[in-house]
S.K.: 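Once you've had a glance at the structure underneath, I'll fire off some questions.
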Amino acid sequence: MNIVRTPSVAQIGISVELLDSLAQQTPVGSAAAQMTPNPSEMFIPANVVLKWYENFQRRLAQNPLFWKT
């Protein structure tokens, strides 16, 4: 079986919420248990996201405006 990989764009966002608002949301554990794999979607390993975040923090500490260029 050959899978054709086409270039795609991924976007990661950060949401800042009030603690009261977070208390009303569904816990991640129960939401994750309901996820079913979709062959047309690709998932990113958590360690890749962590490495990106650490790199982002490092670059932000060096130059707080780096993301504007």
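All values reported here derive from a predicted model rather than from experimental measurement.
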S.K.: Verify the neighbour count for atom CZ of F66: are there more than 12 heavy atoms of other residues, nucleotides or ligands below 6.0 Å?
M.R.: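 For F66, atom CZ is crowded (more than 12 foreign heavy atoms under 6.0 Å).
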S.K.: Could you state the interatomic distance from CZ (R58) to OH (Y53), rounded to the nearest 0.5 Å?
M.R.: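 Nearest 0.5 Å value for the CZ-OH distance: 14.0 Å.
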S.K.: Taking atom CG as the centre, does L18 end up with more than 12 heavy-atom neighbours from other residues, nucleotides or ligands that are less than 6.0 angstrom away?
M.R.: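 Open: at most 12 neighbouring heavy atoms sit under 6.0 Å from CG of L18.
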S.K.: Quick one: CG on N55 to CG on L60, what's the gap to the nearest 0.5 Å?
M.R.: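 The CG atom of N55 sits 11.0 Å away from the CG atom of L60.
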